[in-house]
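Input: a single structure, listed below in structure tokens.
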Amino acid sequence: MRSDFLELIEKIKNIHTTQEASNLLLSRVNTPKIKKALDFAIKAHEGQKRKSGEDYVIHPILVATITSYFNDNEDVIIAAILHDVVEDTPYTIYYIKDEFGDEVANLVEGLTKIVEIRDNSLVPSNSNEKLAKSALTFRKMLLSSIQDIRVLVIKLCDRLHNMLTLDALKEEKKKRIAEETLVVYAPIAHRLGIATLKNLLEDLSFKYLLPEEYKKIDEYIQKNKEKFQLKLNSFIQEIEKLMLKNGFKEKEFEIKSRIKHYYSIFLKMQRKGISIEEVLDLLAVRIIVNKPI
């Protein structure tokens, strides 16, 4: 997972006021129209609170901040800021269209449509029926009904921020949202080719669904992190030497390395019936060249 993305997520985790959220967003994307949308969202959501007790508007602002990592288009950012306005405030889609244009209104309408599809597809939380079957139906309907991929990207960023703030909810609610995330949203992120989102959504879901298994993997990785990093650094140096020896210049390639994400490690352990100490490929390296050979 890219370190700059993880750095952004760490900043987001530590934000608890509307002013802090606004400052972070505007440090990344700042135009008069985005500032107008930000001021409007703060006004529209005034008085609304999340379960944590924080101002509700912090959520859409931080969703827009996450979205800016993947798409910094002005209309996309504004749609992310306003994605809950039609559902949660008296303002209509027509008002958004008049104030912010057709493009923003269409994106917000697509996000509102997702809420309607979810309400019609997923079994209610008080039902005895298992979530998995209806979640699969929901995912299929999302992929077939939402034509604009940008709507799905905003929704994935919305779900990621919800997963980052689950601790304020009751245990049963946490697990249900985590299960839905694992079955519906992580596969959509995979389908769209957004590995950074997919991996983080999977790991956060894993943390809430199987906390003991998550803890064991986390403790092992943290205990051995320095050793793993030294191994990666040594391996990268060897690859660089080979690349240069075989005619590549320094600026013609990039080597990225990572420790594999927890959920993928867990799945491998389950498939092979092994402990984490027996997993041989915890580390991964990717070589990106400017031109194909």
Side-chain angles (χ1 to χ4, degrees), residues 1-30 34 38 50-72 76-77 80-81 83 153-169 174 177-178 181-182 185-186 189-190 194-211 213-230 232-233 254 256-266 282-284 286:
M1 207 177 294
R2 291 185 59 128
S3 59
D4 52 346
F5 180 64
L6 292 179
E7 284 170 16
L8 176 61
I9 296 304
E10 285 305 311
K11 285 180 184 176
I12 284 169
K13 284 181 184 176
N14 293 313
I15 283 178
H16 303 289
T17 70
T18 300
Q19 190 60 58
E20 289 172 336
S22 301
N23 290 345
L24 181 59
L25 174 62
L26 294 175
S27 72
R28 298 179 60 81
V29 282
N30 191 345
I34 288 173
L38 185 57
R50 301 194 85 200
K51 293 284 187 185
S52 62
E54 295 173 358
D55 291 345
Y56 185 85
V57 77
I58 294 171
H59 167 67
I61 296 171
L62 293 179
V63 170
T65 305
I66 299 169
T67 302
S68 73
Y69 181 87
F70 301 100
N71 190 328
D72 61 1
V76 173
I77 300 304
I81 295 169
H83 78 270
V153 172
I154 296 170
K155 187 60 188 177
L156 290 171
C157 295
D158 172 46
R159 178 49 60 126
L160 175 55
H161 187 252
N162 281 330
M163 289 299 297
L164 291 170
T165 54
L166 274 190
D167 284 341
L169 302 181
K174 288 180 193 175
I177 292 172
T181 300
L182 195 60
Y185 294 102
H190 179 65
I194 313 175
T196 46
L197 272 176
K198 168 192 169 285
N199 292 347
L200 193 47
L201 287 171
E202 285 183 341
D203 279 357
L204 288 167
S205 300
F206 176 37
K207 179 181 176 181
Y208 286 104
L209 289 171
L210 297 166
E213 288 83 347
Y214 179 94
K215 185 181 175 185
K216 285 175 188 174
I217 292 174
D218 184 52
E219 286 176 348
Y220 182 81
I221 295 296
Q222 295 306 322
K223 182 181 175 183
N224 294 282
K225 201 166 190 177
E226 191 175 326
K227 181 176 73 175
F228 290 151
Q229 198 56 58
L230 288 171
L232 281 170
N233 292 343
E254 182 183 5
K256 294 183 177 182
S257 65
R258 63 182 173 91
I259 299 170
K260 290 195 173 177
H261 73 287
Y262 291 8
Y263 188 62
S264 69
I265 294 170
F266 172 72
L282 291 173
L283 312 178
R286 177 178 295 172

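It should be emphasised that the depicted structure is a prediction, and the values quoted were computed from it without experimental measurement.
Within the 4.5 Å cutoff, the side chain of I61 has no heavy atoms near those of the L24 side chain. Here the side chains of D158 and H59 are in contact, with some heavy-atom distance below 4.5 Å. Residues H16 and I58 have side chains not in contact (no heavy-atom distance under 4.5 Å, counting atoms from C-beta outward). Looking at heavy atoms from C-beta onward, Y208 lies out of side-chain contact with T181 at the 4.5 angstrom threshold. Side-chain contact between K207 and M163 is absent, with no heavy atoms from C-beta onward closer than 4.5 Å. E202 places a side-chain heavy atom less than 4.5 Å from the side chain of L182. Looking at Y185 and K155, their side chains come closer than 4.5 Å, going by heavy atoms from C-beta outward. Between K225 and I259, the closest side-chain pair of non-hydrogen atoms falls below 4.5 Å.
Between I154 and V63, the shortest heavy-atom contact is O-CG1, 4.0 Å. The two atoms that bring I81 and A64 nearest to each other are CG1-CB, 3.5 Å, heavy atoms only. For the pair L25 and L38, the tightest heavy-atom approach, listed with the atom from each and the gap, is CD2-CD1, 4.3 Å. Taking both residues in full, the closest heavy atoms of L283 and K260 are given as O-CE, 4.3 Å, listed atom of the first, atom of the second, then distance. Residue A178 comes nearest to S205 through the heavy atom pair O-OG, 3.2 Å, listed as atom of the first residue, atom of the second, then distance. Minimum interatomic distance between Y263 and D203 (heavy atoms only, all atoms of both residues): N-OD1, 2.8 Å.
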Test side-chain contact (heavy atoms from CB on, under 4.5 Å) on R28 and T65 and set out the steps. CA-CA 8 Å; R28 298 179 60 81; T65 305; 3.7 Å; yes
Taking it one step at a time, do D167 and K174 satisfy side-chain contact (heavy atoms from CB on, under 4.5 Å)? CA-CA 8 Å; D167 284 341; K174 288 180 193 175; 4.0 Å; yes
side-chain contact (heavy atoms from CB on, under 4.5 Å), that's the test. Do E213 and Y262 meet it? Break it down for me. CA-CA 10 Å; E213 288 83 347; Y262 291 8; over 6 Å; no
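By the side-chain hydrogen bond (donor to acceptor under 3.5 Å, both in side chains) test, E219 pairs with no residue at all, sequence neighbours left out. For K13, the side chain to side chain contact (heavy atoms under 4.5 Å, CB included) partners at least two apart in sequence or on another chain are I9, E10, L164. Remark: N233 pairs with Q229 by the side chain to side chain contact (heavy atoms under 4.5 Å, CB included) rule, at least two apart or across chains.
To the nearest 0.5 angstrom, T165 atom OG1 is 13.0 Å from I15 atom CD1. Of the inter-residue distances, the one linking K198 atom NZ with L156 atom CG reads 12.5 Å to the nearest 0.5 angstrom. Atom CG of L201 sits about 10.0 Å away from atom NE2 of H261, to the nearest 0.5 Å. Separating the CG atom in L62 from the OG atom in S22 is a distance of 8.5 Å, to the nearest 0.5 Å. Between N23 atom CG and T18 atom OG1 the span is 10.5 Å, to the nearest 0.5 Å. To the nearest 0.5 Å, atoms CD1 (I265) and CD1 (I217) are separated by 6.0 Å.
Looking at D218 and K215, no side-chain N of the basic residue comes within less than 4.0 Å of a carboxylate O on the acidic one, giving no salt bridge.
Within 6.0 Å of the NZ atom in K216, the count of heavy atoms belonging to other residues, nucleotides or ligands does not exceed 12. The environment of E226 atom CD is sparse: at most 12 non-hydrogen atoms of other residues, nucleotides or ligands sit within 6.0 angstrom.
Between F228 and Y220, the ring planes are tilted. Angles from 30° to 60° get that label.
For an aromatic pair to be called close, the ring centres must be under 6.0 Å apart, and F5 with F70 satisfies this.
Side-chain atoms of R159 do not come within 3.5 Å of backbone N or O of A186 as any donor-acceptor pair.
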